[in-house]
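Whatever order the structure lists ligands and atoms in, that order sets their numbers, starting from 1. Predicted model, so just to flag it, every value in this text is computed and none were measured.
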Amino acid sequence: MSRKNAAEEHARMAAEVAAHDLAYHQNDTPKISDADYDALKRRLLELEHQYPTLAKGSPSQKVGAAASGKFAKVKHAVPMLSLDNAFSDEDVTSFISQMKNFLGLAGDVELPVTAEPKIDGLSMSLRYEKRKLVQAATRGDGEEGENVTANILTLKNLPHELPSSAPELIEVRGEVYMSNADFAALNEKLIAAGEKPLANPRNGAAGSLRQQDVSVTALRPLKFFAYAWGEAPILPADTQWGVVQAFKAWGLPVNPLMVLCRTGAELLEQYRKLETMRASLGYDIDGVVYKLNDLALQQRLGFRTRSPRWAIAHKFSAVQSITVLEAIDIQVGRTGALTPVARLKPVTVGGVVVSNATLHNEDEITRKDVRIGDTVIVQRAGDVIPQIVGVSKRGSNTVPYEFPKICPACGSHAEREDRGGGKADAVRRCTGGLICPAQRVERLKHFSSRNAFDIEGLGDKIVEEFYTDGLIAAPQDIFTLQQRDARASKKLAQREGWGESSVANLFAAIEARREIALDRFIFALGIRHIGETTARLLARHYGTAGHLCQQMQAAGASAENDARLELEAIDGVGGIVAEAIIEFFEEPHNLEIYNGLLNEITPKALAAVAKSSPVVGQTVVFTGALELMTREEAKAMAERLGAKVAGSVSKKTDLLVAGPGAGSKLKDAEKHDVKVIDEAGWFALVGRGT
Ligand code: IVH
C-alpha cells in the first residue's frame with residue numbers, strides 16, 4: 001500500500017476509533033463489540049507499524065509515545081499502604097473493639113463502617129491536577145511506584161478529566177482489574193498465538209498494564225474501580241461513603257456493591273452475601289474491605305507501619321485440593337530455622353498450580369502425622385503460601401516422618417531452644433551461625449529484598465547464583481561487585497542470560513542504594529526479632545548507624561547499665577528484642593559485616609515524622625489517667641510529631657505528661673528534674689488539630 005493510501009485509511013480509522021472511545025467511556029454506550037473494536041485498533045496499529053509517522057497523535061497512543069525502556073519511578077506524595085487481614089468473625093469483632101478502645105469509646109457506641117468487595121487486581125494512584133489526569137503510578141513498595149501514565153490513559157472506563165465540581169488536586173486510588181471473560185479471551189488469543197497463557201486475571205491485569213509498548217496495553221481490556229485517595233488537600237465529603245459517592249458523581253467507576261453498615265453483625269451479613277455472589281460477579285474478589293466511615297475518626301486512629309488502624313480486609317476462606325505428597329525437603333532460613341517444605345504432585349488449587357506447600361514445623365508434621373506417599377489436602381488462601389491441612393488417604397507402606405537433627409546445609413547440630421519450663425521452641429534451628437551456607441545466602445536474599453535494600457535485578461535466584469559462584473559472600477560484597485567485575489577475566493556480562501545492559505542496570509540499581517534510610521539498613525541486617533517496625537523505632541531512637549553500634553556494644557558490656565536500660569525503655573522494645581540486638585553486636589562476624597557495609601554505604605537518619613513541632617526529637621513519657629485521648633492515641637500522636645515515646649522516666653526524658661493518679665513516674669521526674677505537664681498542657685503545647 002502506498003504511503004498516501006495508508007495515510008487516508010489511517011485517518012478514517014483513527015476518527016472511527018476516537019468516536020468509539022468517546023461512546024464507550026463518556027456515554028457508557030459502546031456501539032460495537034470489544035472484538036470489533038480490537039480489530040479496528042489492530043488495523044490502526046498495523047498501518048502505524050508500516051508507516052511509523054502515522055502514530056503521532058493517533059488514538060492508539062492516547063498520550064503520544066509509548067513508555068520508553070523502563071518505567072520511571074514516582075515517589076508517592078502519601079504512601080500507598082496495604083491492609084491488615086481478618087480471617088474470622090472474631091477478627092472482625094476485635095477490629096471494631098480495637099478501634100473503640102483506641103478512641104476511648106464505650107462498647108455500645110455505634111461506629112458506622114463501609115463494606116466493599118476486595119478486588120483482586122493491582123492498586124493504582126491516579127493524580128488529577130486542575131482536574132486533568134496527569135499521572136498514574138503503581139503501588140511499588142508503597143513509597144515509590146512506577147509511572148504508568150501512558151498505559152493507564154488507554155483504559156476505557158476512566159475519565160481523563162474530572163468535572164468542575166471536583167477539586168484542583170486529588171489523587172484517586174483504586175484497583176485496575178481484568179474481568180474473567182476478558183481474561184479467558186486473552187488467554188485464548190495467547191494460546192492461539194503460541195504464547196504462554198497467564199495464571200489468573202490479576203496477573204493478566206498486571207502484565208497487560210506494565211507493557212513497555214502502550215499499544216499492547218491499549219488492546220487489553222483493563223478496568224478500574226476507585227475506592228480510596230492519596231494527596232487530597234480538599235475532600236468532597238467527611239465520610240468514606242461520601243467521598244466515594246463524589247467519585248461516582250465525577251464519572252469515576254466505583255464498585256456498586258459497597259454498603260454502609262452500623263454494626264459488626266451487619267458487616268458479617270454483607271461478607272456472607274458477597275461470598276455467595278463471588279462466583280457470579282464476573283471479576284475476581286478475594287474478600288471484603290471494611291473502612292471506618294467517619295474521616296475525622298480515621299485521622300485520629302492513624303496508621304501502623306504498613307496499614308491503617310481504621311480499615312481491614314476480611315479474606316474469603318481458603319480453597320482446597322487433594323494431591324500426593326512426594327517428598328519433604330528441609331529449608332534453612334536466615335536465622336537458622338529448619339522449615340519443612342512439602343513437594344507435591346502438581347495440582348490446581350483455586351486456579352493456580354501448586355507444587356510446594358509449607359508444613360510449618362516439626363510438631364505440625366507429628367500432629368498431623370503426614371507421611372511421604374500420603375494423599376494430602378492442600379489449601380490456598382489469598383497470597384499466603386499454600387499449606388497442608390492434613391492427610392486425606394494414607395499411602396501404602398508409609399513410615400512416620402523423622403525430622404532431621406542435623407542441618408542439611410552445613411551438618412551442624414540443629415536444636416530446639418528451651419522456652420522455659422522444659423518447653424521446647426516450636427522451631428528447630430541450625431547452630432552453625434554464619435558458617436552455615438544456607439543462613440548466609442538467606443541473609444543475603446533478605447538484605448536485597450523489597451522492604452530491605454530493594455536492589456532491582458538482585459532477586460533470590462540471582463543472589464543464590466552469585467553466592468554459589470563466589471561472587472558475593474557477605475552483603476558488603478554487593479557494593480564491590482562492579483569494581484571486581486572490571487578486573488575479572490570472566491565478566492558478568494558473559495554469564496548466561498546476562499548482557500551489557502542487564503549488567504549496567506544491576507550496577508545502577510546497586511549504586512542507587514549507597515544511600516539508604518537507617519531503618520531499612522537495620523531491617524536488612526536480618527537480626528532475629530527485628531522487623532520493620534522495631535527497626536524504625538531503633539533508627540528513630542539512635543539516629544545514626546555509628547551511635548546504634550556503640551550503644552549496643554555498651555549495652556552488652558554488663559548485665560545492667562545505662563545503655564541497656566535506655567534500650568529497654570524504648571516503647572515497643574521488649575526484653576527478647578533487646579537481647580537479640582545486643583547478641584547481634586557481640587558477634588565478631590556480624591560486626592565485620594556491619595563495619596564492612598558502612599565502608600560502602602551511608603545510612604541516612606530518618607526525617608522526623610513532623611519536620612517541625614514543639615516536641616521534635618524529644619523523649620516523652622505518658623503516665624496516669626488520660627481523659628482526652630487514649631494511651632495508644634497519645635503515643636501515636638507524639639510519634640507523628642517527631643517525639644520518641646519511652647515507657648519509663650530517666651535523665652534522658654524531656655517531658656512527662658501526667659494525668660490524674662500518676663505515681664512513681666512523677667517522683668522519678670522530680671528526681672531527674674524532668675518537665676511535667678498535664679494533658680491540657682500537652683494540647684496547649686502541640687495544638688488541638690494534631
Ligand atoms: S483500601 C489504606 N479498598 O488490597 C488502604 N484496597 O491488601 C487502601 N484492594 O493494596 C486500600 N480492593 O490494592 C482498599 N476496596 C478496596 C480494595 C483494596 C482491593 C487492594 C489494594 C490494597 C490491597 C491491600
Nearest protein heavy atom to [atom], by residue and atom, and its distance?
atom: atom 22 (C) of ligand 1; result: Tyr227 OH, 4.4 Å
atom: atom 5 (C) of ligand 1; result: Leu83 CD2, 3.6 Å
atom: atom 8 (C) of ligand 1; result: Leu81 O, 4.4 Å
atom: atom 2 (C) of ligand 1; result: Pro308 CG, 3.7 Å
atom: atom 10 (O) of ligand 1; result: Ser123 OG, 3.8 Å
atom: atom 12 (N) of ligand 1; result: Ile119 N, 3.0 Å
atom: atom 23 (C) of ligand 1; result: Lys118 NZ, 3.9 Å

For Ile530 and Ala535, the nearest pair of non-hydrogen atoms, with its separation, is CG2-N, 3.9 Å
Of Asn85, Val289, Leu268, Asp91, the one forming a side-chain contact (heavy atoms from CB on, under 4.5 Å) with His314 is Leu268
Inspect the contact between [Y] and [X] and indicate whether a charged nitrogen and a carboxylate oxygen are less than 4.0 angstrom apart.
X: Asp284; Y: Arg202; value: no
X: Arg131; Y: Glu161; value: no
X: Arg520; Y: Asp141; value: yes

Looking at ligand 1, does any of its N/O atoms fall within less than 3.5 Å of an N/O of [X]?
X: Glu116; result: yes
X: Lys291; result: yes
X: Val289; result: no
X: Pro117; result: yes
X: Glu175; result: yes

Less than 3.5 Å apart, any donor N or O on the side chain of [X] or [Y] sitting next to an acceptor on the other?
X: Tyr227; Y: Glu175; answer: yes
X: Asp182; Y: Tyr283; answer: no
X: Arg139; Y: Ser123; answer: no
X: Ser307; Y: Arg304; answer: yes

| query | Is the closest heavy atom of Ala313 to ligand 1 under 4.0 Å? | reply | no
